[in-house]
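Side-chain atoms are counted along with the backbone in the values below, which use heavy atoms only and exclude waters and symmetry mates.
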Amino acid sequence: MENKKAQPQKNKTPKKKRLSKKARRRRRVRIAIVTLPIVIVVLAAVALFRVEGFSLSGEGRYDGDEIVSASGIDIGDCLMWINLNKAEDRITKKLPYIETVTIKRKLPHTVSIEYKQAKVLYGVCVDGTWALTDTKYKVIELLDSEPENVSQKIKLPKAKTFEPGSVIAFEVKDGEESPLDTYKNLLTEAEKTSLKGKINGADVSNPAALTLTYDGRITIKLGTFADIPAKLKLAAGAVEKEDRIDSTEYGTLDATITDKAYFRPEAKKSETPSAEQTTAEISPEQAVE
């Protein structure tokens with residue numbers, strides 16, 4: 001007898017067992033028993049825990065109505081459904097003079113808002129426009145002119161984000177440093193020298209022509225960030241030497257190279273420039289005498 005080749009058997013997908021009407025009914029009942037309490041709790045929360053008032057704590061230029069309006073929370077909202085983080089972000093964005101805010105639920109019907117006024121620390125110039133910022137570089141207010149009473153004046157290049165309520169941000173390529181980081185690193189290195197506590201300005205708008213302002217009187221040119229510790233050490237010694245001669249001297253100190261610094265005095269704001277003012281050359285040895 002001739003053998004027939006075995007035919008491959010097709011994989012058959014097992015058929016799902018159909019539930020009877022009675023079984024389906026029992027399953028629906030079980031689901032209802034589980035979900036009904038959840039629905040009842042949600043409905044109770046919506047009905048019982050509605051916003052009826054606000055409790056505000058803090059000081060600043062904004063009144064309570066402005067703060068509540070900025071939060072986006074309204075009377076009648078369900079207290080349990082409020083997104084507290086988004087409400088806090090809305091307040092600090094719309095009201096830039098508020099630095100931090102904390103919103104809490106106070107059952108059964110009250111929203112608690114605690115806020116702190118921003119501390120103006122920096123005057124920042126971006127692409128020719130001045131602004132006031134807080135300690136985290138959030139823009140508080142755009143200005144028509146250069147500010148006077150600020151701890152630091154910083155000049156930066158064009159920014160990606162530069163608007164009230166937002167932190168200054170830049171488009172930075174991989175491997176590159178943000179201009180704000182350049183400023184922070186420059187100030188950190190300056191604080192390691194005798195310039196400490198007297199730097200009140202910086203210009204990092206051009207990474208090849210960095211400058212610092214000492215005591216509001218002397219502009220220190222540093223060039224690139226290369227060899228910055230040595231440049232700053234030389235600059236600090238040169239400034240000390242000039243201060244021993246005249247602690248009210250105005251001028252420009254060129255410390256772009258590490259072997260010599262050049263100081264060019266300028267007329268004081270109350271004086272007329274003199275034809276006798278010349279550039280003084282200061283070596284590292286002279287700077288530390």
Side-chain angles (χ1 to χ4, degrees), residues 42 45-172 178-184 201-202 204-205:
V42 171
V46 173
L48 299 176
F49 302 117
R50 290 191 175 277
V51 177
E52 295 183 1
F54 297 86
S55 170
L56 287 90
S57 175
E59 295 181 357
R61 61 172 55 197
Y62 305 112
D63 61 34
D65 290 340
E66 288 179 292
I67 294 171
V68 170
S69 176
S71 74
I73 303 171
D74 297 317
I75 297 294
D77 286 351
C78 177
L79 193 64
M80 306 307 294
W81 286 0
I82 295 172
N83 189 317
L84 302 183
N85 291 332
K86 286 186 176 180
E88 292 168 354
D89 290 342
R90 283 193 291 267
I91 290 175
T92 55
K93 174 73 174 178
K94 294 181 179 180
L95 306 177
Y97 273 93
I98 290 180
E99 182 173 11
T100 59
V101 60
T102 302
I103 301 178
K104 296 179 181 179
R105 301 179 182 90
K106 293 181 69 175
L107 298 178
H109 304 298
T110 303
V111 175
S112 168
I113 303 177
E114 298 179 5
Y115 58 94
K116 179 180 177 183
Q117 180 167 301
K119 180 180 179 182
V120 177
L121 187 65
Y122 303 112
V124 177
C125 181
V126 171
D127 202 26
T129 300
W130 284 94
L132 299 176
T133 77
D134 64 9
T135 57
K136 298 179 181 178
Y137 307 99
K138 182 185 82 171
V139 177
I140 296 174
E141 181 180 352
L142 296 177
L143 305 174
D144 295 328
S145 59
E146 183 176 341
E148 293 298 329
N149 300 318
V150 290
S151 298
Q152 292 276 332
K153 293 181 182 180
I154 311 167
K155 291 186 177 181
L156 300 167
K158 188 175 182 179
K160 176 184 177 182
T161 305
F162 186 62
E163 60 185 17
S166 297
V167 175
I168 301 172
F170 297 86
E171 289 185 354
V172 181
S178 164
L180 270 176
D181 288 333
T182 299
Y183 160 73
K184 295 174 189 177
V204 296
S205 57

Side chains of [X] and [Y], heavy atoms from C-beta outward: is any pair under 4.5 Å?
X      : Y      : answer
Leu156 : Pro179 : yes
Leu132 : Leu143 : yes
Val101 : Ile113 : yes
Ile91  : Tyr115 : no
Asp74  : Val68  : no
Leu56  : Ile67  : yes
Val120 : Ile140 : yes
Arg90  : Ser71  : no

[X] to [Y] - nearest heavy-atom pair and separation:
X      : Y      : value
Ser178 : Val172 : CA-CG2, 3.9 Å
Gly123 : Trp130 : O-CZ3, 3.4 Å
Pro96  : Lys138 : O-NZ, 3.1 Å
Val126 : Ala159 : CG1-N, 3.6 Å
Ala131 : Phe162 : CB-CZ, 3.6 Å
Lys136 : Val167 : O-CG1, 3.6 Å

Assign the ring pair Tyr183 / Tyr137 to parallel, tilted or perpendicular, where the plane angle (0 to 90°) is split at 30° and 60°.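 It falls in the perpendicular class, over 60°.
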Would you find a donor on one side and an acceptor on the other, under 3.5 Å apart, between the side chain of His109 and the backbone of Arg50?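 Present.
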Going from [atom1] on [X] to [atom2] on [Y], what distance comes out if it is rounded to the nearest 0.5 angstrom?
X      : Y      : atom1 : atom2 : result
Arg105 : Cys78  : CZ    : SG    : 8.5 Å
Thr110 : Glu52  : OG1   : CD    : 7.5 Å
Lys106 : Leu79  : NZ    : CG    : 11.5 Å
Glu66  : Leu95  : CD    : CG    : 6.5 Å
Lys119 : Asp134 : NZ    : CG    : 11.0 Å

Glu146: which residues meet the salt bridge (charged side-chain N to carboxylate O under 4.0 Å, His left out) condition with it, sequence neighbours left out? Lys153
Residues which pass salt bridge (charged side-chain N to carboxylate O under 4.0 Å, His left out) with Lys93, listed by chain and number, not counting sequence neighbours: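 Glu163.
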Evaluation steps, side-chain contact (heavy atoms from CB on, under 4.5 Å), between Ser151 and Leu121: CA-CA 6 Å; Ser151 298; Leu121 187 65; 3.2 Å; yes
side-chain hydrogen bond (donor to acceptor under 3.5 Å, both in side chains) assessment of Glu141 paired with Tyr97: CA-CA 8 Å; Glu141 181 180 352; Tyr97 273 93; 2.5 Å; yes
Please walk me through it: do Ser55 and Glu114 pass side-chain hydrogen bond (donor to acceptor under 3.5 Å, both in side chains)? CA-CA 8 Å; Ser55 170; Glu114 298 179 5; over 6 Å; no
Tell me, with the steps shown, if Glu59 and Gln117 meet side-chain contact (heavy atoms from CB on, under 4.5 Å). CA-CA 6 Å; Glu59 295 181 357; Gln117 180 167 301; 5.8 Å; no
Can Ile75 and Phe54 be said to form a side-chain contact (heavy atoms from CB on, under 4.5 Å), step by step? CA-CA 9 Å; Ile75 297 294; Phe54 297 86; 3.8 Å; yes
Assess the residue pair Val204 and Leu180 against the criterion (side-chain contact (heavy atoms from CB on, under 4.5 Å)); give the C-alpha distance rounded to whole Å, side-chain angles, the decisive distance to 0.1 Å, and a yes or no. CA-CA 8 Å; Val204 296; Leu180 270 176; over 6 Å; no
